[in-house]
Amino acid sequence: TVALVLAGLALGSLRTLSPPHLTKELMFGLFLPGLLFEAAFHIEYTRFRRNLFMIVSLAVPGVALAIGVTSLVVTPLAGVFHLASGFGMKDALVFAALIAATDPIAVVAMFKSLGAPKRLGVLIDAESLLNDGTAVVFFTIVMGLFQGHDASISISHAMVDFVKVVGMGVIAGALVAFVASAVMRFIDDAMIEITITTVAAYGSFSLAEQFHVSGVIATVTAGMILGNHARRERMSPSTRVAIASFWEYVAFALNSVVFLLIGFQVHVDELLASWKIIIVAYLGVTVARAVVVTGVTAVFARTRERIPWTWSVVLVWGGLRGALSMVLVLSTPPDHPY
């Protein structure tokens, strides 16, 4: 991923190619469904259930805490060092909300190649799937505050919308998954079943978005159902291997293209002009992640969901940011400050 970003920066600086620009539509239509489905498809429901409380703690209150800590670190440092004229708490909250969701696809791939404990992989992967929805809700609230809406109204509306979009997203994803699973019952052909999972991944996202509910949640739901129920009950051993390999490659390819396009999108002169505020922002995000993971690890230290402190270090550095943050950035108005 680092090499791809550097390649994109180099090629973008040379102006030798005219790649497609990253847009919200491109991210929503092509990249997000495939990346989300692959991650959800490989999560075992039994492992997810055994670690449910820790995962939810990281993904819901943990995201809220991370937003607050990031803002508290970035705002004063930006002011003290005069890094961004007029940069205030509202601006920091917008940044913190859109950067809050983790997207550790590269980390999970590294876990597999290194033979890392499966439970650690489930923790970091499942957290990223749940905190996508949480981050979007908090981002909506913060943007409402930024635009001058009444705080209580913005929060109450966002919470009602959250219940609606998440609940209906789950229903949409489950509906598509069970239809796909029912069709697989009568088929034993790996190529056709791969196609059915592809239709389920992008179809669940599209169906949910058509009714203005969460496509993210719909695709995650479809992925978990097909990756558990359908994989055990509807697929032959050879089909399981073929589908797993196919989706691993799709995630690798999509992730690679995203990072390459990020490199094309950002120019070296812009990075150099903003290097100080970038370092401050990175510091704020990393400190916030460390506070959240340390706090959650301490809370669960005497429960059956406890984890070794060495794992918490991996969770801190494994909380990378990616596709969803790009989508939220691209969804802000073009004239938005900073």
Side-chain angles (χ1 to χ4, degrees), residues 2 5 8-9 12-13 21-24 27 60-103 131-132 134-155 157-158 258-259 261-295 316-317 319-338:
V2 175
V5 171
L9 284 169
S13 299
H21 288 287
L22 275 177
T23 62
K24 182 182 177 181
M27 295 294 289
V60 183
V63 168
L65 179 59
I67 292 171
V69 174
T70 302
S71 303
L72 290 174
V73 172
V74 172
T75 305
L77 288 178
V80 168
F81 295 105
H82 307 291
L83 300 178
S85 177
F87 190 87
M89 182 59 77
K90 282 186 176 181
D91 304 300
L93 282 169
V94 171
F95 166 72
L98 65 84
I99 205 73
T102 58
D103 186 17
N131 68 23
D132 284 353
T134 310
V136 171
V137 170
F138 283 120
F139 179 74
T140 303
I141 293 172
V142 170
M143 285 300 290
L145 296 174
F146 189 91
Q147 293 165 0
H149 298 166
D150 180 78
S152 60
I153 294 175
S154 295
I155 293 172
H157 282 184
V258 166
F259 280 100
L261 291 180
I262 288 172
F264 274 111
Q265 192 91 357
V266 180
H267 300 300
V268 176
D269 54 345
E270 294 173 338
L271 289 176
L272 294 176
S274 305
W275 70 270
K276 292 180 181 178
I277 192 67
I278 290 172
I279 290 175
V280 167
Y282 175 72
L283 177 66
V285 170
T286 307
V287 168
R289 177 69 179 172
V291 168
V292 168
V293 172
T294 303
V316 170
W317 291 109
L320 308 185
R321 317 302 154 109
L324 185 67
S325 294
M326 293 298 296
V327 170
L328 296 179
V329 169
L330 295 168
S331 70
T332 56
D335 59 348
H336 193 87
Y338 311 106

Tightest non-hydrogen contact, residues F138 and I67, listed as CB-CD1, 3.6 Å

CG (L330) and CD (Q265) are apart, to the nearest 0.5 Å, by 7.0 Å

- Evaluate side-chain hydrogen bond (donor to acceptor under 3.5 Å, both in side chains) for S325 paired with D103, printing each intermediate quantity in order. CA-CA 9 Å; S325 294; D103 186 17; over 6 Å; no

Note: V266 and L9 closest approach over all heavy atoms is O-CD2, 3.0 Å

Hits for ring pair (Phe, Tyr, Trp, His ring centres under 6.0 Å) against F87, two or more places apart or cross-chain, chain-then-number order -> Y338

Could you tell me if the side chain of M27 sits less than 4.5 Å from the side chain of L324, heavy atoms only? no

Between L77 and the options V73, T75, V74, the side chain to side chain contact (heavy atoms under 4.5 Å, CB included) test singles out V73

Closest non-hydrogen atoms of S71 and M89, given as atom of the first, atom of the second and distance, are CB-SD, 3.6 Å

Quick note, side chain to side chain donor-acceptor pair (under 3.5 Å) partners involving residues 271-289, not counting sequence neighbours, are E127-R289

So CG of L93 and OG1 of T70: to nearest 0.5 Å the spacing works out to 9.5 Å

Residues A101 and R321: closest non-hydrogen pair is O-CD, 3.3 Å

Smallest heavy-atom separation, G86 atom then D91 atom, equals O-OD2, 3.7 Å

Rounded to the nearest 0.5 Å, the CG atom of L328 sits from the CG atom of L98 at a distance of 6.0 Å

Verdict with reasoning, V327 to V136, per side-chain contact (heavy atoms from CB on, under 4.5 Å): CA-CA 10 Å; V327 170; V136 171; over 6 Å; no

- Task: Applying side-chain contact (heavy atoms from CB on, under 4.5 Å), run through V94 and F139 and close with a yes or a no.
- Result: CA-CA 7 Å; V94 171; F139 179 74; 4.2 Å; yes

Say whether, by atom type as modelled, one donor and one acceptor occur between the side chain of T332 and the main chain of V329 under 3.5 angstrom.
yes

Taking every heavy atom of A288 against every heavy atom of A66, the minimum-distance pair comes out as CB-O, 3.5 Å

